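Take a look at the structure set out below.
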Amino acid sequence: MLWQGKALGLKFRNEGTTNRPRVRLNVYSRNRLTQSYLDELAAEIIWRFNFDQNISEFFRRYSSDSHLAGPIRRWKGMKPIAANSLYESLMIYITLQNATVRRTVQMLENLFRCFGQKVSFDGKTLSVFWPPDTVAKSTVDQLRTMKVGYRAKSIMMISEQFASGSVDSIALRGAPKEVVAQELDKLYGIGPASIQGMLFEDFYFLDALDMISPWERKIMSRLLFGEHLVPAEGILRFFKEKYSEYRLLAFHYIWEDLFWRRKHERIEWLEKEIRL
DNA sequence: CGGCAGGTGCGGA
DNA sequence: TCCGCACCTGCC
């Protein structure tokens with residue numbers, strides 16, 4: 001993690017249970033860290049890992065739901081987490097656009113190698129993001145050599161905006177959904193799909209389900225309705241009517257559960273719809 | 001070699 | 001407001 005200019009190694013350890021959560025965090029650093037730095041870091045970690053959001057009402061309401069009973073039994077406690085800073089999330093979302101996962105990984109690895117740094121701690125070596133000004137001081141042509149294609153312009157423009165301090169990401173925390181969406185929409189290269197993803201993963205709005213991508217549509221058609229292809233509107237209406245303010249959280253429980261099951265048992269129809 | 005992928009900005013209707 | 005189109009790159 002890059003926090004206030006310092007590269008850190010973080011190690012989380014589970015020391016609780018789902019209903020009595022408790023986490024131990026070890027922080028590795030090149031230099032000794034002051035108490036005030038650690039206090040601010042702890043507050044940031046609490047936000048980034050969404051420790052304070054209470055979703056017990058979701059379990060109370062849907063533990064017996066026909067589609068959620070299984071996923072909740074297997075995944076109770078799962079919540080959206082940002083883990084990254086807003087800038088870092090934006091970089092990830094830009095590389096996700098119009099690309100398969102494989103290609104996204106390739107683009108990010110190239111960017112990490114050129115602009116980021118490696119951090120070794122506790123027997124692991126992991127990449128740390130670059131600060132926005134590192135890219136802002138670079139050029140679009142330089143970015144093109146990272147094989148990010150037309151995304152180079154988006155990466156540059158967003159990096160410049162963050163480097164100049166014109167985005168107040170902390171102030172957006174706790175702002176209404178529409179305000180956050182409106183601010184994200186101002187960023188070049190960020191549109192409806194990225195906004196929806198970030199409203200959930202970075203701002204923890206559990207109801208930010210207003211669109212569904214083609215492959216999600218195919219998979220949900222099959223999973224929920226047993227049909228090959230249901231109109232996107234029908235799927236969205238289903239989630240809204242059944243799960244109201246928890247509709248995207250419900251979507252994720254169903255989705256993550258399906259993909260976890262896929263790791264253990266082969267789900268034949270799913271393999272045909274999947275693109276990694 | 002053409003089509004397309006977990007989209008988006010842009011110009012024109 | 002809606003629609004068609006181009007767009008880097010890699011894989012099928």
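Worth knowing before you read on, the calculation uses all heavy atoms, side chains too, and leaves out hydrogens, waters and symmetry mates. Note that the structure is predicted; figures quoted are calculated from it, not measured. Numbers restart at 1 for each chain; the letters A, B, ... are given by sequence-line order, proteins then strands.
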Measure from CG on A/Asp141 to C1' on C/dC8 and round the result to the nearest Å. 14 Å
Could you give the CG-to-C1' distance, from A/Asn98 to C/dC5, as a whole number of Å? 13 Å
Side-chain contact test, heavy atoms from C-beta onward, threshold under 4.5 Å: evaluate it for A/Phe259 versus A/Ile219 and give yes or no. yes
Quick one: A/His252 NE2 to B/dG6 P, roughly how many Å, whole number? 15 Å
Side chain to side chain contact (heavy atoms under 4.5 Å, CB included) against A/Lys240, all qualifying residues, sequence neighbours excluded: A/Arg247
Test: A/Glu233 and A/Arg237 ion pair at under 4.0 Å: no
So, using side-chain hydrogen bond (donor to acceptor under 3.5 Å, both in side chains) as the criterion, who are the partners of A/Gln106 when residues are at least two apart? none
Can you find a side chain N or O atom of A/Arg102 that sits less than 4.0 Å from OP1 or OP2 on C/dG10? no
A/Leu108 CG to C/dC8 C1': how many Å, rounded? 15 Å
Separation of atom CE in A/Met107 from atom P in B/dA5, rounded to whole Å: 15 Å
Could you spell out the base pairing of DNA chain C as a dot-bracket line? Use Watson-Crick and G-U wobble contacts where both distances are under 3.5 Å, [ ] for crossing pairs, | for partners on a different strand. |||||||.||||
Quick check on C/dG10: is either OP1 or OP2 less than 4.0 Å from any side-chain nitrogen or oxygen of A/Gln106? yes
Under 4.0 Å from any atom of DNA chain B, heavy atoms only: list the residues of residues 142-153 of chain A that qualify, in numerical order. A/Tyr150
side-chain hydrogen bond (donor to acceptor under 3.5 Å, both in side chains) pairs, two or more places apart, involving residues 134-144 of chain A: A/Asp133-A/Lys137
For A/Glu256, which residues count as a side chain to side chain contact (heavy atoms under 4.5 Å, CB included) partner, sequence neighbours excluded? A/Met78, A/His252
Can you tell me the distance, in whole Å, between the CD1 atom of A/Ile155 and the C1' atom of B/dG7? 14 Å
Using atom C1' in both nucleotides, what's the gap between C/dG10 and B/dG9 to the nearest angstrom? 23 Å
With sequence neighbours left out, what residues match A/Arg60 under side-chain hydrogen bond (donor to acceptor under 3.5 Å, both in side chains)? A/Glu57
Rounded P spacing from C/dC3 to B/dG6 in Å: 23 Å
I'd like to check the side chain to side chain contact (heavy atoms under 4.5 Å, CB included) partners of A/Ala193; sequence neighbours left out, ordered by chain and number. A/Met211
Residues in side-chain hydrogen bond (donor to acceptor under 3.5 Å, both in side chains) contact with A/Trp3, at least two apart in sequence or another chain: none
Contacts of A/Val230 that satisfy side chain to side chain contact (heavy atoms under 4.5 Å, CB included) - sequence neighbours left out: A/Ser221, A/Phe225, A/Glu227, A/Ile235
Qualifying residues under side-chain hydrogen bond (donor to acceptor under 3.5 Å, both in side chains), relative to A/Gln35, sequence neighbours excluded: A/Asp39
Taking DNA chain C as the partner, which of residues 183-197 of chain A come within under 4.0 angstrom of it by heavy atom? none
Rounded to the Å, how far apart are A/Met156 CE and C/dC8 P? 15 Å
